[in-house]
2 protein chains.
Amino acid sequence: MISCPKCSEVGSIMKAGYVRNKQRYVCKDCNYFFTLANPESPVPGKKARRHQTTIIDIARSIGVSNSTVSRALHGHADISPETRQAVLNMASQMDYQPNQLAYNLVKSRTNTIGMIVPEFHNPFFPNVIIGAHHVLTEAGYNLTIMQSNESYPVEVSNTKAMLANRIDGLLISLTQETNNFDHLKVFEKRGIPLILFNRVCDHVEVPKVVVNDFDASFSAVEHLILNGYERIAHLGGPLTLLVSRERLRGYRAAMEKHGKSIEENMIIQGMFSQQKARIYGKYLLELENRPDAIFAVNDSAAIEIMLLAMEKGIRIPEELGVVGFSDNPESAYIGPGLTTVRQPTLEMGTTTAEWILQMVDSETEIAMPTQKILKTELVVRGSSNRIRDI
Amino acid sequence: MISCPKCSEVGSIMKAGYVRNKQRYVCKDCNYFFTLANPESPVPGKKARRHQTTIIDIARSIGVSNSTVSRALHGHADISPETRQAVLNMASQMDYQPNQLAYNLVKSRTNTIGMIVPEFHNPFFPNVIIGAHHVLTEAGYNLTIMQSNESYPVEVSNTKAMLANRIDGLLISLTQETNNFDHLKVFEKRGIPLILFNRVCDHVEVPKVVVNDFDASFSAVEHLILNGYERIAHLGGPLTLLVSRERLRGYRAAMEKHGKSIEENMIIQGMFSQQKARIYGKYLLELENRPDAIFAVNDSAAIEIMLLAMEKGIRIPEELGVVGFSDNPESAYIGPGLTTVRQPTLEMGTTTAEWILQMVDSETEIAMPTQKILKTELVVRGSSNRIRDI
DNA sequence: TTGTAGGCGTTATCAC
DNA sequence: GTGATAACGCCTACAA
C-alpha cells in the first residue's frame with residue numbers, strides 16, 4: 001500500500017502518469033504529486049559523491065600541469081595561445097565549473113557582499129535591495145541577503161554567519177530591539193568593511209546612510225499645522241532606533257516653532273506592528289479630547305488609523321488629519337489618499353553599494369565618507385489637505 | 001585644499017567634529033561626511049592581511065594538536081572534559097571564528113540554499129522569501145537570494161554563480177523571457193536538488209510548486225460572467241510562461257462554458273510592465289466596441305486599467321468590470337476595491353523550503369513529490385461586483 | 001612558457 | 001584520548 005509522503009494518507013493515492021520512466025502518483029487529499037524511491041539504492045550509507053571535474057582533470061587530459069591550466073583559465077599572460085586554447089576547449093568539453101569555495105579559501109575573499117535587513121513586510125527593504133543589487137551585480141559582486149526578522153538574537157547569528165562565510169563587506173539595517181552593538185564591533189576589529197543604513201546607531205564608527213528623518217518629520221508636522229490642525233499626536237517607533245528618535249525630535253521642533261503645546265499623552269512610541277498600531281490608534285481616537293491630527297511613524301500605522309477613523313465615522317481630513325512615512329503603494333489609493341514622506345529607497349541601495357565597493361576595493365585606507373543623508377519628499381494627498389476648507 | 005570625495009567640490013567643505021580621533025569633514029554641497037586618509041599608510045601595495053586566529057593557533061597556544069582542537073570544538077566524543085574546556089576557553093579568548101569556507105571545502109556542502117527570483121517590484125516574491133526563510137533558518141540553513149531581473153542572461157549567470165558557490169540546493173522562479181533550459185539541466189546532471197516554483201516550465205523533471213492558475217483564472221472569469229459581464233477581455237502575461245498559458249486557458253474555458261464568444265482581438269499577451277499595461281489597457285478601452293470587463297494577469301495591470309478608466313470617466317463596476325491577480329496591498333484600497341486572486345505566497349515559500357530540505361538531507365533517493373498545486377482564493381471587491389445593479 | 005611544491009583552514013582516517 | 005597526515009580544489013612564488 002502506498003502512502004502519501006506529505007500527509008501519510010493511504011486511501012487517496014492515484015496514479016498520475018510517468019516521470020523519468022517511473023510511475024507518478026498524486027494524493028487527492030493534499031495535492032501532492034510524487035514518485036517512489038528506487039528499491040535498489042546503491043550501497044546505502046555510502047554516498048556516491050559524484051566527481052566534479054577539477055583543474056587537475058583538465059591538466060591530465062591534455063598533459064600539462066595544473067598551474068598551466070589555472071593560468072590559462074584566468075587569462076594570465078605568459079602562456080602560449082595554443083595551450084590556452086587547448087585548455088579552454090577541454091574545460092568546456094569536460095563541463096568544468098570552477099570551485100568558488102576553493103578559490104575563496106586561497107584568496108581569502110569571496111566577491112560577495114552581505115546584507116542584513118530586519119523585515120520584508122514593507123516594500124522599503126526590497127527596494128533598497130533592488131538598488132544595491134544593481135550596483136553590485138554591475139561590479140561583478142554577489143549580494144547575499146539575510147533577514148533578522150526584527151530579532152536581536154537572529155541579527156547576531158546572521159552577522160556570525162556572514163563572518164564565517166567571509167563576505168567581503170556587510171550592509172546592515174538594525175532590528176528595532178538591537179541595543180547592544182558588540183556584534184558590529186567585531187567587523188571594525190577585523191577590518192571588514194561595514195556600512196549601516198536606515199536603521200543606524202551611534203555606537204559604532206562606520207559609514208552610515210540615512211534619510212533626513214528630522215527634516216522630513218519637521219515638514220510633515222509643519223504641513224499639518226499649516227493646514228490648520230492644532231492638536232497633533234505622534235505615533236512613533238521604538239526609541240531604540242535613531243530613526244524614531246529623529247522623527248520625534250522633528251515633531252517636537254515643528255510644534256515648538258509654531259507655538260503649539262505638546263500633550264505628552266499624545267505621543268506614543270512603540271514597536272512596529274500592525275497590531276500595536278491598531279491598539280495605539282484606538283487609544284488616541286478614544287481620548288476624551290482626541291487629537292485632530294496624527295503623524296505616524298510609517299504608512300502601515302497611518303493606514304490602520306485611517307481605517308479606524310472610518311469605522312468610527314470620523315471624517316478625514318475634515319475632523320482628522322493623517323500623515324504617514326514611506327509612501328507604500330497602497331497609500332496612494334486608500335480613502336482620500338495618504339499624505340506621506342517618500343523615501344529614496346533605490347538611492348539608499350545604490351549609495352550603500354557604491355560605498356561598500358569603494359571600501360572593499362581599496363587596498364589602503366582612503367578618504368571615506370562617514371555619513372550620507374538622503375533627501376525625502378513630502379507627498380501631499382487628501383488625508384491632510386483641508387486648506388480649502390478653512 | 002580638501003576636496004569632497006564624492007562631488008570633488010572644494011569650496012563647500014566644512015569641519016564637522018571628530019571621529020576616531022580624526023578630523024571629520026562635511027561637504028555642504030552633496031551632504032557627504034568624510035574623513036581623510038592616513039598619509040602614513042603602512043607599506044603601500046603590500047596589503048597587511050591581518051591574521052585570523054585559526055584552529056592551529058589555538059592548538060599551539062595550549063599545546064595540543066589541531067585535530068584535538070577540531071574535535072573539542074565540535075563536541076565530538078572521545079575527548080577529556082579538561083582539554084575540551086581548555087580549548088573552548090582559548091577559542092573564545094582568542095576570538096576564534098571558524099572559517100566556513102574551509103569547512104565547506106572539505107565537506108563539500110555549504111548548508112546554504114539558493115533562491116533566484118525574477119523581480120522584487122511586487123510583494124509576491126518578498127513574501128515567498130519570508131516563508132522560505134523561516135523554514136530554512138529553523139533548519140539551520142542559510143538562504144542566499146539572487147535576482148535575475150527578468151533577464152535570461154542574468155538568470156544563467158546567477159545559476160552559474162550558485163553552482164560555483166556550491167549551494168546545496170536551488171529554488172528558482174524563471175524570468176519571463178527564459179525559453180532555454182540548459183542551465184537548469186546542469187543541476188539535474190550534477191545531482192543538485194532543484195525546485196521550480198511559480199514560474200515553472202515543463203522542460204525539466206524536478207519538483208514544482210505552483211498555484212492552480214487554471215482554476216483561479218476560470219473562477220475569476222466566471223465570477224465576471226455571473227455578474228452580468230458579456231464581452232470580457234484578457235490582458236495576459238507573456239506566453240513563454242506556463243503561468244500565463246494556464247491563465248489564458250482558464251479564461252477560455254470559462255467563456256466557453258458559459259457560451260460567450262471570444263473575440264481574439266480582446267486577448268492580449270504581453271510582458272509584465274507598468275508601461276505595457278498602460279498601452280494595452282488604452283488599446284482595449286479605446287476599441288470601437290470596447291469590452292465591458294477585463295481580466296488582467298496581475299494587479300499592477302489591473303490597477304493601471306482602473307486608473308485609465310477613471311481618467312476616461314468610465315464607471316467601475318457599472319460600465320467596466322476589472323479583476324486582477326495577486327492581491328497586492330494597494331488592491332484593497334484603490335477605487336471601489338479591486339477584485340483579485342489571492343495567492344498563498346507564504347505557503348509557497350514554506351513548501352518549497354520544506355521540499356528542498358527533504359531532498360538535500362536525504363542520502364539516498366526518496367519518495368519525492370513532483371508537483372504541488374497550492375490553492376488560491378478569489379477576493380471579491382467593488383471593481384467587479386454589480387450583481388445588485390442587475 | 002611551463003612545472004614543482006607549498007599553502008589556504010578544516011575534517012577524517014589512521015595509528016599510537 | 002590524542003596526534004600525524006592526507007585530503008578538499010585552487011593559486012602562486014620560485015625553479016627550470
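What's counted below: heavy atoms across the whole structure, side chains too, no hydrogens, waters or symmetry copies. The sequence lines fix the lettering, A, B, ..., with proteins before strands; numbering per chain opens at 1. What you see is a predicted model, and the numbers here were worked out from it, not measured in a lab.
Computed from coordinates, the B:I79 CD1 to C:dA12 P distance equals 14 Å when rounded to whole Å. Residue A:N104 contributes atom CG, which lies 12 Å from atom P of D:dC10 at whole-angstrom precision. As rounded to whole Å, 19 Å separates atom P of D:dC8 from atom CD of A:Q97. As a whole-Å value, the separation of A:L105 CG from D:dG9 P is 12 Å. As rounded to whole Å, 16 Å separates atom P of D:dG9 from atom CG of B:N165. Rounding to whole angstrom units, NE2 of residue A:H74 and P of D:dA13 are separated by 13 Å. Remark: P of D:dA7 and CG of A:L101 are 20 Å apart, rounded to the nearest angstrom. Whole-Å rounding puts the A:R166 CZ to C:dT10 C1' distance at 11 Å.
Atom NZ of B:K160 sits in a sparse spot, with 12 or fewer heavy atoms from other residues, nucleotides or ligands closer than 6.0 Å.
DNA chain C is contacted by B:T54, B:I55 of residues 54-66 of chain B, taking any non-hydrogen atom closer than 4.0 Å.
In terms of the side-chain contact (heavy atoms from CB on, under 4.5 Å) criterion, residue partners of B:Q85 (sequence neighbours excluded) are, by chain and number, B:L88, B:N89. Judged as a ring pair (Phe, Tyr, Trp, His ring centres under 6.0 Å), and not counting sequence neighbours, A:Y96 has no contacts. Partners of B:H134 under the ring pair (Phe, Tyr, Trp, His ring centres under 6.0 Å) rule, at least two apart in sequence or in another chain, do not exist in this structure.
Nearest to the side chain of B:A102, among C:dT11, C:dT10, D:dG1, sits C:dT10. When distances run from any side-chain atom of A:N99 to the nucleotides D:dC10, D:dT2, C:dT11, the shortest one goes to D:dC10. Closest contact between the side chain of A:S70 and the listed nucleotides D:dT12, C:dG9, C:dT1 involves D:dT12. Side chain of B:Y103, nearest nucleotide from C:dT2, D:dT2, C:dT10: C:dT10. Which of C:dG9, D:dT2, D:dC10 sits closest to the side chain of B:T68 comes down to D:dT2.
In this structure, the separation between CG on B:L73 and CG on B:N66 is 11.5 Å, given to the nearest 0.5 Å.
Within the 4.0 angstrom heavy-atom criterion, base atoms lie near B:S67.
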Give me, pair by pair, the N or O atoms of the protein and of nucleotides 14-16 of chain D that are less than 3.5 Å apart, along with how far apart they are.
none

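Aromatic ring orientation, B:F197 versus B:F125: perpendicular (interplanar angle above 60°, classes split at 30° and 60°). The aromatic rings of A:F181 and A:H203 sit parallel to each other, their planes meeting at less than 30°, with 60° as the upper class boundary.
Between the axis at the start and the axis at the end of the helix from C:dT1-D:dA16 to C:dC16-D:dG1 there is an angle of 40°, using five pairs per end and rounding to 10 degrees.
For the side chain to side chain contact (heavy atoms under 4.5 Å, CB included) with B:K208, the qualifying choice from B:L196, B:I195, B:N198 is B:L196, the only one to do so.
Nearest heavy-atom pair, A:N111 versus A:D168, reported as atom, atom and distance to 0.1 Å: N-OD2, 2.6 Å.
Put simply, B:K107 has a side-chain N or O that comes within less than 4.0 Å of OP1 or OP2 on C:dA12. Distances shown here put every side-chain N or O of B:T83 at or beyond 4.0 Å from the OP1 or OP2 atom of D:dG1.
With respect to B:R199 and B:E150, a salt bridge is recorded, a charged nitrogen being found less than 4.0 Å from a carboxylate O.
With hydrogens and angles left out, the side-chain atoms of B:S80 and B:T83 include a donor and acceptor closer than 3.5 Å.
Note: B:H183 and B:Y152 meet the aromatic proximity criterion, with ring centroids under 6.0 Å apart.
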